[in-house]
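Small disclaimer: the values here were computed from a predicted structure and weren't measured. Just the heavy atoms: all of them, side chains too, but no hydrogens, waters or symmetry mates, feed the values below.
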Amino acid sequence: AARRPELRRHKEEFRDLGTLDRADWLRRHFADDREFRACIRGAVGARRHGLSHGLLANLPVEASVTLNYDRLYETAAGAAQRPPTVLPYETARPDRPWLLKLHGCIDHDEDIVLTREDYLRYANRRAALRGLVQAQLVMRHMLFVGFGLADDNVHSILDDVRRAVRRGDDDSNDDSNMDDRDSSSFGTALQLLESELQQDLWRGEIEVVGFVWLQGGGDMKNADVAK
């Protein structure tokens with residue numbers, strides 16, 4: 001395991017680091033990459049899925065994409081008699097839905113994307129996987145569930161699609177142009193908290209829908225509302 005005494009000594013400073021910097025720091029304090037990824041596998045290797053996984057697995061969809069490494073969705077889908085083909089590790093079949101694991105899987109922990117280096121090298125190693133997501137965004141209206149819209153890889157994918165299908169938007173920034181974009185968003189994101197800032201940030205591209213409305217931003221956090 002990572003050097004626990006050293007982590008305790010730098011606990012407050014560690015909390016102030018960005019997510020990728022935290023992962024890089026932890027990776028440097030394991031004996032090797034194999035031990036680091038084995039620890040990740042142990043941390044997310046739960047076998048019993050929750051209610052949310054069961055609900056999602058029962059949706060009548062043909063394609064799903066996840067950034068998660070665990071196999072909880074696959075377990076839930078199997079229980080729902082809808083086991084998916086897991087890409088890129090299995091060959092897609094026309095008679096089964098498919099699930100794309102964009103950031104790897106605990107069954108193939110060498111593919112897990114977590115550190116800054118993993119993110120920087122992602123485009124070179126997994127361009128084909130990004131292409132699958134881009135195709136879904138172009139051809140379908142995607143539903144984002146439990147995703148904070150902050151992942152750099154997803155931002156890059158969205159930007160590629162934005163530049164490909166909305167080239168004319170760069171020539172005009174008036175309100176009528178934005179209204180046209182609102183009518184053809186890429187998808188809908190379901191979040192626990194509804195935020196005017198998030199809605200404004202993604203207006204015309206992703207419709208952000210929250211279950212709890214906090215006017216003026218509020219000071220509650222997701223964990224508080226979830227209780």
We want to know whether Tyr119 and Asp151 form a side-chain donor-acceptor pair, criterion being a heavy-atom distance below 3.5 angstrom.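 The answer is yes; a qualifying pair exists.
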Distance under 6.0 Å and angle within 45° of the ring axis: does Arg22 meet both against Phe14?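 Yes, Arg22 lies over the aromatic ring of Phe14.
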Please report the C-alpha distance between Tyr89 and Asp111 in whole Å, then the side-chain angles of each, then the deciding distance to 0.1 Å, and finally whether the side chain to side chain donor-acceptor pair (under 3.5 Å) criterion is met. CA-CA 11 Å; Tyr89 307 111; Asp111 289 341; 2.9 Å; yes
Compile the donor-acceptor pairs under 3.5 Å between side chains in residues 48-64 and protein atoms, sequence neighbours left out, one pair per line.
| residue | atom | partner | partner atom | Å |
| --- | --- | --- | --- | --- |
| Asn58 | ND2 | Gly54 | O | 2.7 |
| Glu62 | OE1 | Arg140 | NH2 | 3.4 |
| Ser64 | OG | Tyr73 | OH | 3.3 |

Would Phe36 and His29 count as a ring-ring contact (aromatic ring centres under 6.0 Å, His included) here? Give the steps. CA-CA 9 Å; Phe36 176 55; His29 289 79; over 10 Å; no
Can you tell me if Arg96 has over 12 outside heavy atoms packed within less than 6.0 Å of its CZ?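 Yes, the 6.0 Å shell around CZ holds more than 12 heavy atoms from other groups.
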Looking at Glu13, I'd like to know if its CD atom is crowded, meaning that more than 12 non-hydrogen atoms belonging to other residues, nucleotides or ligands lie closer than 6.0 Å.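 No, the 6.0 Å shell around CD holds no more than 12 heavy atoms from other groups.
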Ser156 vs Asn153, side chain to side chain donor-acceptor pair (under 3.5 Å): CA-CA, chis, key distance, verdict: CA-CA 5 Å; Ser156 180; Asn153 277 337; 6.0 Å; no
Would you please test Gln199 and Glu207 for side chain to side chain donor-acceptor pair (under 3.5 Å) and show each step? CA-CA 7 Å; Gln199 290 173 342; Glu207 182 183 1; over 6 Å; no
Report yes or no: do Val165 and Leu137 belong to one cluster of Ile/Leu/Val/Met/Phe/Trp/Tyr joined by side chain heavy-atom distances under 4.5 Å?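 Yes, because Val165 and Leu137 connect within a single hydrophobic cluster, where side-chain heavy atoms sit under 4.5 Å apart.
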Trp25-Leu120 co-clustered via ILVMFWY side chain contacts under 4.5 Å: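 No, separate clusters.
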Look up atom CG in Asp32 and atom CZ in Arg37, then write down how far apart they are to the nearest 0.5 Å.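 The CZ atom of Arg37 is 11.0 Å from CG of Asp32, to the nearest 0.5 Å.
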Between Tyr69 and His108, ring centroids under 6.0 Å: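 When the ring centroids of Tyr69 and His108 are compared, they turn out to be at least 6.0 Å apart.
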Salt-bridged, Asp159 to Arg163, with N to O below 4.0 Å?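 Salt bridge flag = yes for Arg163 with Asp159.
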